[in-house]
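Numbered from 1 within each chain, the chains take letters A, B, ... in sequence-line order. Only a predicted model underlies this, so the values are computations on that prediction, with no experimental measurement involved.
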Amino acid sequence: MSKDLPTAYNPKETEDKIYQLWQESGFFTPENLPGKRKEKFVTCIAPPNITGELHMGHALEYTLQDIIVRMKRMQGYKTLWLPGTDHAGISAQNVVEKQLVKEGTNRHELGREKFIERMWQWREKYGNTILEQFKKLGLSVDWTRTKFTMDPDYQEAVKTVFLHYYKKGWIYKGVRVINWCTRCATAISDLEVNYVTEKGKLYYIRYGPFTLATTRPETKLGDTALAVHPDDARYKEFVGKELEIESVDNSIPTGEPPKSKKIKILVVADGAVDPKFGTGIIKVTPAHDITDAEIGQRHNLSSVKIIDEHGRMNENAGIRYQAMKTTEAREQIVKDLEAIGLIEKIEDYEHNVGRCDRCNSVIEPLPSEQWFLKMKDLTKLALEAVESGKVKIHPERWQEPYKHWLNNIRDWNISRQLWWGHKIPIEGEEDVLDTWFSSALWPLATLGWPLLRQGSEGQASQSDFEEYYPTDFITSDRGILFLWHVRMIFSGMEFTGQAPFKDIYIHATVLTKDGKRMSKSLGTGINPLDLIEKYGTDALRFGLATQLTGLQDLRFGEDLLVMGKKFANKLWNIARYVMMALPEDYKWEVKKSSTGLAPIAAKLDEIASGVTKNIEHYEFAEAANSLYHFIWHELADKYIEESKDKTDQETYDTLAYLLTNCLKLLHPFMPFLTEEIWSNLTISDKNLLMVEKWPT
RNA sequence: GGGCGCUUAGCUCAGUGGUAGAGCGACUCGUUUACACCGAGUAGGCCGAGGGUUCGAUCCCUUCAGCGCCCACCA
């Protein structure tokens with residue numbers, strides 16, 4: 001009996017040692033689990049980016065997932081949690097590009113081949129750092145199945161999917177007005193544009209008999225029509241007519257004073273125009289505004305591209321403005337219009353400016369030839385999966401946004417003008433696929449779809465896909481419900497007829513104590529590894545668990561970690577006490593029933609079934625709190641105090657029963673500490689706690 | 001413009017149709033060998049504001065305010 005344990009729990013001396021024990025046991029791999037396990041429990045990870053560094057969101061998400069996985073494993077399920085990383089196209093490429101800039105070069109100088117080599121080097125060196133940090137968090141993932149979204153078999157899966165869609169006629173190439181990032185020099189999807197309210201100007205410009213307002217006067221050079229609402233009585237007589245109006249002459253060199261010239265412009269009627277806004281009449285620039293492009297399509301308007309991929313005016317803007325940046329052109333044209341008397345007034349104005357999600361540059365909508373995936377049928381599949389209950393979203397309130405988004409979706413622009421990513425599998429194509437195109441296949445491709453897994457040693461010969469698909473559970477921040485979950489769902493439905501997981505749990509987003517977004521660049525980020533250093537992993541996990549209540553946001557405070565640390569210590573000392581109180585020759589056995597024990601044992605049974613239900617229903621805070629309260633205030637404060645002068649068998653058995661079962665119940669939350677205590681108990685025939693039987 | 005969430009003790013948050021709870025912090029006592037990372041206590045809340053339903057509301061309905069987030073083609 002180890003009575004000489006220190007009076008305080010020491011996470012640092014425990015954690016690495018215990019993690020190694022787990023790894024050596026092989027129990028993270030489902031095939032190695034003891035006993036006959038017919039029922040499976042498979043959870044799907046959200047693979048971190050290779051650019052990633054562990055942040056509080058990860059700590060929360062993965063802790064939550066590990067709690068479930070560990071409980072399921074103890075309940076006797078054949079449990080798989082497969083780890084991996086995502087190549088993260090645009091963000092990873094940006095990181096390495098920044099590195100190159102520091103070295104005084106760039107990717108174009110390096111050339112495509114060398115650059116991709118650099119990307120792989122980078123991923124070798126840093127890409128798995130975050131996976132190493134998984135060990136610090138105590139995550140019970142199957143390291144033998146680690147995946148990367150650019151692994152050879154994963155690339156096969158991507159190719160298969162692309163060609164499948166292509167043959168179905170769902171993939172097409174077309175010139176569309178898309179969101180273009182002039183810095184990243186690539187198309188990006190609607191979801192990668194962040195709209196930020198910014199101060200700008202609203203310019204009122206005379207267009208013949210009308211005055212209309214715009215925030216982007218430079219796009220005037222690409223106007224091909226004016227539009228009014230069909231029911232707007234004020235302008236009815238103009239609809240369908242071509243007006244001759246005065247504009248600026250863009251053929252005059254910049255050095256010379258501006259002149260006006262007459263141009264002709266058509267007036268169309270379109271429902272997209274809000275008659276109540278401004279003068280109720282808008283200019284239509286089909287090449288540089290997505291709404292205008294749609295109006296243009298409806299009315300067969302020509303589209304004049306005046307801004308190029310670098311964000312500069314091109315030859316269509318006329319010699320006077322050509323080669324200027326859009327912002328310069330704006331100043332110039334305003335000056336010119338003022339000089340020839342076409343500006344009526346300029347007002348300060350707040351409006352939404354689209355910025356690149358990855359580099360924060362202003363997005364320039366422009367026409368570009370891209371690959372698109374038709375969303376019509378896939379949308380149906382994704383809706384069907386949720387409406388039929390094949391996929392359940394928790395908390396339920398996220399179902400509506402999910403449906404709403406799908407019902408308003410456009411075709412998906414899947415091509416990116418990047419170098420790092422899956423190449424479009426069509427000959428002569430230089431572009432790569434949107435990262436989410438491959439991420440969408442994660443639950444499929446990681447399990448070996450469409451190829452059979454090459455039977456590595458000790459593996460069953462049948463493929464992982466047959467064995468483990470579909471998975472049971474996935475959890476994420478709300479931010480990627482549309483970017484990722486939707487796409488995994490329709491991919492799964494399309495290729496297997498089954499949704500890739502049964503339950504989605506949207507967990508809270510971790511904010512700072514002031515309610516601000518945690519961000520490294522804002523200096524508001526907290527590194528979970530620092531917290532682990534300070535409090536220990538179990539304290540972090542337990543503290544997080546008590547804050548996991550299913551709300552949208554979670555203001556993270558360290559108080560809860562203080563609590564977690566104290567609690568870890570309390571449990572440690574409870575264990576020390578019990579070991580000390582029991583006689584030398586006490587026969588430890590893991591009792592199955594509370595019958596014949598003190599009443600508190602039955603109380604524990606109640607707690608146990610409550611905790612089980614709580615975890616199954618994602619009520620982590622409830623589970624953690626009930627354990628905390630029972631262990632501290634019922635077991636320690638009351639029962640142990642009362643038992644101090646008792647030496648009968650019932651008391652001994654009760655103490656042993658309480659301790660062993662509390663360790664089990666607490667193991668998913670505090671795996672290191674509980675496993676360490678367990679290893680000190682002189683129970684014969686025991687296994688690692690992580691595979692002991694769950695007490696319900 | 002539409003939608004969602006939140007508003008409870010100094011701080012972070014639980015919670016229930018019927019005398020309000022936890023952790024952290026504060027205060028008072030306690031040198032009892034499991035634990036001072038402890039124990040026994042104490043203080044501190046018209047449960048955001050107004051209205052309604054009810055015998056009774058912090059909890060249900062409604063309006064409003066503040067904060068946060070998501071979606072959207074407001075020039």
Strand contacts (RNA chain B) in residues 203-213 of chain A, 4.0 angstrom heavy-atom criterion: Ala213(A)
Partner residues of Asp530(A) under the side-chain contact (heavy atoms from CB on, under 4.5 Å) criterion, sequence neighbours left out: Asn527(A)
Under the side-chain contact (heavy atoms from CB on, under 4.5 Å) test, residues paired with Asn413(A) that sit two or more places apart: Ile178(A), Ala187(A), Gln370(A), Phe372(A), Ser415(A), Arg416(A)
For the side chain of [X], counting heavy atoms from C-beta on, which of [options] is nearest?
| X | options | value |
| --- | --- | --- |
| Thr549(A) | rC13(B), rA72(B), rA40(B) | rC13(B) |
| Met563(A) | rG23(B), rU12(B), rG25(B) | rG23(B) |
| Asn569(A) | rA75(B), rC37(B), rA40(B) | rC37(B) |

Trp632(A) vs rG39(B): side-chain N/O to OP1/OP2 distance below 4.0 Å: yes
Presence of His633(A) side-chain N/O under 4.0 Å of rG23(B) phosphate oxygens OP1/OP2: yes
Sequence-distant partners of Tyr577(A), ring-ring contact (aromatic ring centres under 6.0 Å, His included), two or more places apart: none
Stems involving RNA chain B, each a run of at least 3 consecutive Watson-Crick or G-U pairs under 3.5 Å: B:1-7 with B:65-71, B:10-13 with B:21-24, B:26-30 with B:38-42, B:48-52 with B:60-64
By the 4.0 Å heavy-atom rule, please label [X] as base, sugar-phosphate, or nothing.
| X | result |
| --- | --- |
| Ala621(A) | nothing |
| Phe482(A) | sugar-phosphate |
| Tyr628(A) | sugar-phosphate |
| Ala227(A) | nothing |

Distances under 3.5 Å between nitrogen or oxygen atoms of protein and nucleotides 60-62 of chain B:
none

Distance-only donor-acceptor test, Glu641(A) side-chain atoms vs rA34(B) base atoms, 3.5 Å: yes
No-H, no-angle donor-acceptor pair, Lys644(A) side chain to rA34(B) base, under 3.5 Å: yes
Arg397(A) or Asp553(A), whichever maps to the more 5' nucleotide of RNA chain B: Arg397(A)
Whole-Å distance separating the NE2 atom of His629(A) from the C1' atom of rG15(B): 14 Å
